[in-house]
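Since we're looking at a predicted model, the values are computed, not measured. Indexing begins at 1, ligand by ligand and atom by atom, following the structure's order.
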Amino acid sequence: MGKAVDARLIVDGTEVPVSFVEARLGNDGLSMETLLKKTGLVNVDPGFMNTASCTSAITFIDGDEGILMYRGYPIEELAARSTFLETAHLLIYGELPTRDLLNSLENRVARHIQVHDGIKAFLNAFPRDAHPMSVLSGAVSALGAFYPESIGHEENEIELATVLLLAKTATVIAYLQRRAMGLDLIEPKKGGTDYVEEFLRLTFADSDGHCDLDPAVRQAMDLLLVLHADHEQNCSTSTVRMVGSSQASIYASIAAGVGALSGPLHGGANEATLRMFDDIIASGDTIERFVEKVKSKSDGARLMGFGHRVYKNFDPRCTVVKQATDQVLTALGLSSEVFDMAKRLEEIALHDEYFIERKLYPNVDFYSGLIYKAMGFPTPMFTPLFALGRIPGWIAHWREMVGDPTTKIGRPRQVYIGEAERSYVPIEERR
Ligand code: ACO
């Protein structure tokens with residue numbers, strides 16, 4: 001937050017009004033909404049390096065200081081003390097719930113945990129080895145078709161969609177893993193069950209529904225969901241808002257967000273990071289040689305799980321995940337060559353001029369794949385687990401966007417650099 005600035009933009013003698021948009025915390029903004037009208041010029045900002053697409057009251061990040069807060073609560077406090085559905089309530093409704101409100105949300109979600117037989121048939125129609133993010137995007141979109149009473153913009157429809165998305169996405173993701181492992185789909189217990197425990201039971205139980213889970217796994221799952229629950233205007237959330245700005249349904253918007261999350265530069269980085277660790281081991285390369293390869297940019301190699309558009313300091317989520325990985329490995333009595341290698345790789349990169357100069361620090365995905373693996377999840381499930389955690393954030397942003405009277409359909413401009421006008425050439429005359 002800063003003082004209003006004296007900003008003027010004069011283009012060829014024409015003054016363009018510049019208005020000041022004050023932030024509660026972080027970067028204030030300047031708005032030049034009449035730039036095009038007054039001058040015929042558009043603002044160019046590929047990758048939105050410098051552009052705020054909205055005002056938002058949900059999540060705050062200070063990338064220089066490594067701070068992340070949901071609705072004003074530091075992520076470290078929520079990670080230590082909150083649970084996933086409590087955090088979901090905070091993000092979606094703006095406040096931590098009272099005991100009654102939390103019970104009500106938990107009960108509503110538990111009541112809707114089963115999915116329509118048609119959704120099961122839909123999931124069964126995909127090849128078993130299909131990437132689960134492709135199936136998940138389709139399944140979220142399909143939820144809108146199976147529950148049409150929740151696709152509109154009336155308050156009751158939005159409320160129903162909120163609960164259905166939290167509940168049914170968990171079941172769908174558990175089913176994705178069961179199918180990939182060749183296991184029968186088991187029925188969720190309807191009502192009165194612990195969300196995280198039921199998700200893990202649906203995922204890991206034998207065909208009789210029995211599942212003996214170490215409490216450390218349940219605790220880590222809850223923590224990971226809290227840590228992934230929101231991250232302001234990242235690629236997938238901006239996608240959700242963009243699609244929703246056309247007044248498309250919340251399902252269509254979140255299905256698009258799942259697609260955006262799947263990319264290796266975004267949520268898919270957890271999977272890509274683990275593959276990178278495995279490749280280094282399989283290649284027999286030393287970590288030092290791998291780091292040299294990254295620095296020389298040969299074969300486009302990047303240190304996956306490192307770097308962030310906003311954080312130019314430690315990603316606070318990474319610190320928590322690293323600690324939790326250690327705890328889970330210890331609780332399960334596992335040793336991990338990969339975890340030791342990751343820690344050494346982090347150490348080397350943090351002391352290397354290339355990474356220091358560019359302010360490249362480990363992000364949430366550097367260790368998340370390792371903890372998921374220790375918990376028993378196969379690698380392709382890592383990004384769907386991220387998506388499950390991000391559902392409340394996407395819902396909160398979609399709801400904030402549709403409730404904001406200043407929302408307009410998202411429609412960026414371009415600077416055209418193609419051919420100027422030319423005449424159609426008949427096919428016989430073309431060379
Ligand atoms: N390894 C090596 N070099 C890197 C890395 C990396 N992981 N990330 C950035 N750089 C370098 C770039 O090559 C560039 O170098 P240059 O100045 O010599 O050209 C410089 O740092 C700036 O990088 P950009 O790509 O311009 O930064 P941008 O903000 O566009 O990208 C991103 C951010 C996509 C996260 C990038 O750091 C990256 O690809 N990281 C690896 C993938 C990853 O971990 N993604 C997960 C992000 S967290 C999340 O989405 C949940």
| At a 4.0 Å threshold, what atoms of ligand 1 neighbour a non-hydrogen atom of Gly305? | 43 (C), 44 (O)
| note | Quick look: Leu360 vs ligand 1, heavy-atom contacts under 4.0 Å, and the answer is side chain
| Within-shell test, Gly47 vs ligand 1, heavy atom, strictly < 4.0 Å | no
| So, Glu353 and Lys295, do they make that salt bridge, N to O below 4.0 Å? | no
| request: Using distance alone, decide if ligand 1 has a nitrogen or oxygen within less than 3.5 Å of any nitrogen or oxygen in Leu303. | output: yes
| query | With the threshold set at 4.0 Å, does a side-chain nitrogen-carboxylate oxygen contact exist between Asp222 and Arg218? | reply | yes
| When you measure from atom 25 (O) of ligand 1 to each heavy atom in Arg302, Arg317, Glu357, which option holds the nearest one? | Arg302
| Distance-minimising heavy-atom pair for Ala248 and His153 | O-CE1, 3.8 Å
| Just which atoms of ligand 1 are under 4.0 Å from any heavy atom in Phe386? | 51 (C)
| Which part of His308 is near ligand 1, with near meaning a heavy atom under 4.0 Å away: side chain, backbone, both or neither? | both
| task | Look at the rings of His308 and His231 and say which category their plane angle falls in: under 30° parallel, 30 to 60° tilted, over 60° perpendicular. | result | perpendicular
| field | Top protein contact for atom 30 (O) of ligand 1, by heavy-atom distance | value | Arg309 NH2, 3.0 Å
| task | Just let me know how Phe366 lines up against ligand 1, side chain, backbone, both or neither, with a heavy-atom cut-off below 4.0 Å. | result | neither
| For the residue pair Tyr367 and Phe339, does the interplanar ring angle fall in the parallel (under 30°), tilted (30 to 60°) or perpendicular (over 60°) class? | perpendicular
| said: Can you confirm whether some protein heavy atom lies under 4.0 Å from atom 44 (O) of ligand 1, or whether none does? | reply: yes
| Considering only heavy atoms, which of Tyr354, Tyr311, Tyr361, Phe355 lies nearest to atom 3 (N) of ligand 1? | Tyr354
| query | Which heavy atom of the protein is the closest neighbour of atom 42 (C) of ligand 1, given with residue, atom name and distance? | reply | Met304 CE, 3.6 Å
| request: Flag atom 22 (C) of ligand 1 as yes if some protein heavy-atom distance to it falls below 4.0 Å, otherwise no. | output: no
| Counting each atom of ligand 1 from 1 as listed, which ones have a heavy atom of Val294 under 4.0 Å away? | 1 (N), 2 (C)
| query | Just distances here: any N/O of Asp365 and N/O of ligand 1 closer than 3.5 Å? | reply | no
| At the 4.0 Å heavy-atom cut-off, does Lys297 count as touching ligand 1? | yes
| query | Once the angle between the rings of Tyr372 and Phe382 is folded into 0 to 90°, is it parallel (under 30°), tilted (30 to 60°) or perpendicular (over 60°)? | reply | tilted
| message | Can you tell me which portion of Asn363 lies within the under-4.0 Å heavy-atom range of ligand 1? Options are side chain, backbone, both, or neither. | response | side chain
| field | Sub-4.0 Å protein heavy atom near atom 27 (O) of ligand 1 | value | no
| Parallel, tilted or perpendicular for Phe204 and Phe377, by the 30°/60° rule? | tilted
| task | Answer yes or no: is there an ion pair linking Arg275 with Glu271, defined by an N-O contact shorter than 4.0 Å? | result | yes
| field | Protein contact of atom 40 (N) of ligand 1 - nearest heavy atom, named by residue and atom, plus distance | value | Phe306 O, 2.9 Å
| said: Give me the nearest non-hydrogen protein atom to atom 35 (C) of ligand 1 as residue plus atom name, then the distance to 0.1 Å. | reply: Gly307 O, 3.7 Å
| query | Is Arg201 salt-bridged to Glu198, going by a charged N under 4.0 Å from an acidic O? | reply | yes
| query | Above 12 or not: heavy atoms from other molecules or residues under 6.0 Å from CG of Asp212? | reply | no
| query | Is ligand 1 under 4.0 Å from a heavy atom in the side chain of Asn234, in the backbone, in both, or in neither? | reply | neither
| task | Give, for atom CG of Asp404 and atom CZ of Arg241, the distance between the pair rounded to the nearest 0.5 Å. | result | 7.5 Å
| request: Tell me which one of His228, His266, His231 gets a heavy atom nearest to atom 50 (O) of ligand 1. | output: His266
| In terms of heavy-atom contacts, does CD of Glu33 have more than 12 from other residues, nucleotides or ligands at under 6.0 Å? | no
| Looking only at heavy atoms, is any part of Arg358 under 4.0 Å from ligand 1, and if so is it the side chain, the backbone, or both, or is it neither? | side chain
| field | Ligand-residue contact atoms, ligand 1 with Ala269, heavy atoms, under 4.0 Å | value | 43 (C), 44 (O), 45 (N), 46 (C)
| said: Under a 3.5 Å cutoff, is there a donor and acceptor pairing between the side chains of Thr51 and Asp45? | reply: yes
| message | Once rounded to the nearest 0.5 Å, what's the spacing between atom CG of Leu202 and atom CD of Gln177? | response | 11.0 Å
